[in-house]
Amino acid sequence: MKVIRLRAGKERSLLRRHPWVFQGSVDKGKADAGETVRVESDSGQFLCWASFSPSSMIRVRAWSFDEAERIDAEFFDRRVRRAIAVRERMPIVSNARRLIHGEADGLPGLIVDRYDDTLVAQFLSAGTERWKQTIADSLMAATGLGRLYERSDSGVRQLEGLPPVTGWLRGEGHTELTIEEHEWKLTLDVQEGHKTGYYLDQRDNRKKFAETVRQYGLQRVLNCYCYTGGFSVAALAGGAAEVTSVDSSGPALARANAHVALNGFDPTRHTALDADVNQTLRDFIKQGRTFDAIVLDPPKFAPTAAHAERAARAYKDINRLAFKLLEPGGVLFTFSCSGGVGPELFHKIVAGAGMDAGVDGFILDRVGATPDHPQTICFPEGEYLKGLLLLKR
């Protein structure tokens, strides 16, 4: 077993069971991509078993902090079954869910979602790439399913020195699927959709939005960065009279329109705009349009903390414009999925946007990802999605 020796004082994060070791913390030792290594402090103290990533700034990702544990097929089988067992205890009102959420489930670099009878996996680190076939076997055995599609096409793999890979890893067949979420039906294509096919992390927030629309009698709704219209369907289910969905993807908007029809809503209550969100918000202000509820669910503006300042300006701008378009007594449901923007900073950004727009609001709720996308106390970086539900005063 190859040994990675850390610099003096750099063992503290591993002693706190944080799973990452950055390049600058390594003093001695090398290994092949994805190879299991023994990580020690500068005094030779065992810290963890880990995978080695020679091309990444995150040089080491911990598999286990138990010196007696072997990293083998049985290890991955245990971790996979444990993650799935946790989800079976959660109150998930859907036939789609996240089964494995990377570091939170002790499998850094691995994402696995289940959409009805199909699994979709992302192998995002050198370690998971090396153990891919073993992990696939464990997934099929633990779920009893026969289809596993690989969507290892995230840009994160480039940082690991890995090429993008997509296609059937187990089984074959159609990639177009229909899932149920709360009382709605939604469709996706695991081959073409964002991430693994859909944004399951917003499941409960879509339900909350439907309830908020109903409770406050919100009639005119604007859904920005709507993707395939999950929040638009939720707004209609909550009783909104008219919903405008804005996105720069024609295919996504076509699916949003299809979702309106699939769930039995009058298509005349829904308008899909293929346009830039920022420019659309400015155009609506010039036109004198207003809305009773606005959803802002933009893409990741800040992938790391280094991008936070630039991202803050972008988040502030769209929230300022949304505040101006919102009727008094209206609701803004605003999100950031940027890991580089923490909840406190996001709150400050939105507060600054409100000040610039000359408005204030009540915070009705603070939300995050669904429970099947867990954050652990040892890995705060896992809190990527954060949202504020605001009532304009």
Side-chain angles (χ1 to χ4, degrees), residues 193-195 199 202 205-206 209 218-236 240-260 267-303 307-328 330-338 340-341 345-346 348-359 361 385-390 392:
H194 290 182
K195 304 292 185 178
Y199 292 98
Q202 291 279 30
N205 294 329
R206 288 187 282 267
F209 187 58
L218 308 173
Q219 293 299 296
R220 294 165 298 153
V221 176
L222 175 63
N223 182 14
C224 299
Y225 310 97
C226 70
Y227 189 42
T228 59
F231 279 105
S232 301
V233 169
L236 292 168
E242 57 184 70
V243 178
T244 302
S245 301
V246 185
D247 201 280
S248 58
S249 168
L253 289 169
R255 197 175 288 271
N257 280 326
H259 284 159
V260 171
T268 63
R269 293 166 61 192
H270 181 249
T271 301
L273 292 181
D274 187 347
D276 175 76
V277 167
N278 195 291
Q279 186 59 51
T280 298
L281 294 175
R282 296 176 188 278
D283 290 344
F284 283 168
I285 290 173
K286 291 179 181 178
Q287 296 165 13
R289 293 188 64 175
T290 58
F291 297 88
D292 301 314
I294 299 175
V295 177
L296 293 178
D297 187 18
K300 186 184 298 184
F301 289 161
H307 300 85
E309 183 176 350
R310 183 179 63 186
R313 292 193 294 270
Y315 283 121
K316 185 177 181 180
D317 196 37
I318 59 172
N319 279 277
R320 177 182 61 83
L321 296 171
F323 274 127
K324 287 180 173 292
L325 286 168
L326 199 62
E327 285 282 355
V331 166
L332 173 62
F333 210 175
T334 181
F335 295 94
S336 166
C337 64
S338 295
V341 176
L345 175 57
F346 185 59
K348 290 180 178 178
I349 292 169
V350 176
M355 291 180 64
D356 286 358
V359 303
L385 180 65
K386 69 287 300 182
L388 293 172
L389 181 59
L390 305 168
K392 181 177 177 179

Requested in this report: Could I get the full list of salt bridge (charged side-chain N to carboxylate O under 4.0 Å, His left out) partners for Asp317, not counting sequence neighbours?
Outcome: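 By the salt bridge (charged side-chain N to carboxylate O under 4.0 Å, His left out) rule, Asp317 matches Arg282, Arg320.
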
Query raised in the report: Among all residues two or more places apart in sequence or in another chain, which pass the salt bridge (charged side-chain N to carboxylate O under 4.0 Å, His left out) test with Glu327?
Result: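 For Glu327 the salt bridge (charged side-chain N to carboxylate O under 4.0 Å, His left out) partners, ignoring immediate neighbours, are Arg220.
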
Heavy-atom side-chain contact between [X] and [Y] under 4.5 Å:
X	Y	value
Leu222	Leu281	yes
Phe231	Val221	no
Phe209	Asn223	no

Query raised in the report: With distance as the sole criterion, is a donor-acceptor pair present between the side chains of Asp283 and Gln287 under 3.5 Å?
Result: no

Query - Test applied, side chain to side chain contact (heavy atoms under 4.5 Å, CB included); reference residue, Phe323; option that passes from Asp356, Val350, Ile294, Thr334 - result: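 Single side chain to side chain contact (heavy atoms under 4.5 Å, CB included) partner of Phe323 among Asp356, Val350, Ile294, Thr334: Val350.
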
Would you find a donor on one side and an acceptor on the other, under 3.5 Å apart, between the side chain of [X] and the backbone of [Y]?
X	Y	value
Asp247	Tyr227	yes
Ser338	Gly340	no
His259	Thr228	yes

Query - From OG1 (Thr290) to CD1 (Ile285), nearest 0.5 Å - result: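 Going from the OG1 atom of Thr290 to the CD1 atom of Ile285 covers 11.0 Å.
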
Report task. Verify whether the ring centers belonging to Phe284 and Phe291 lie closer than 6.0 Å. Result ->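 Yes, the ring of Phe284 comes within the 6.0 Å limit of the ring of Phe291, centre to centre.
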
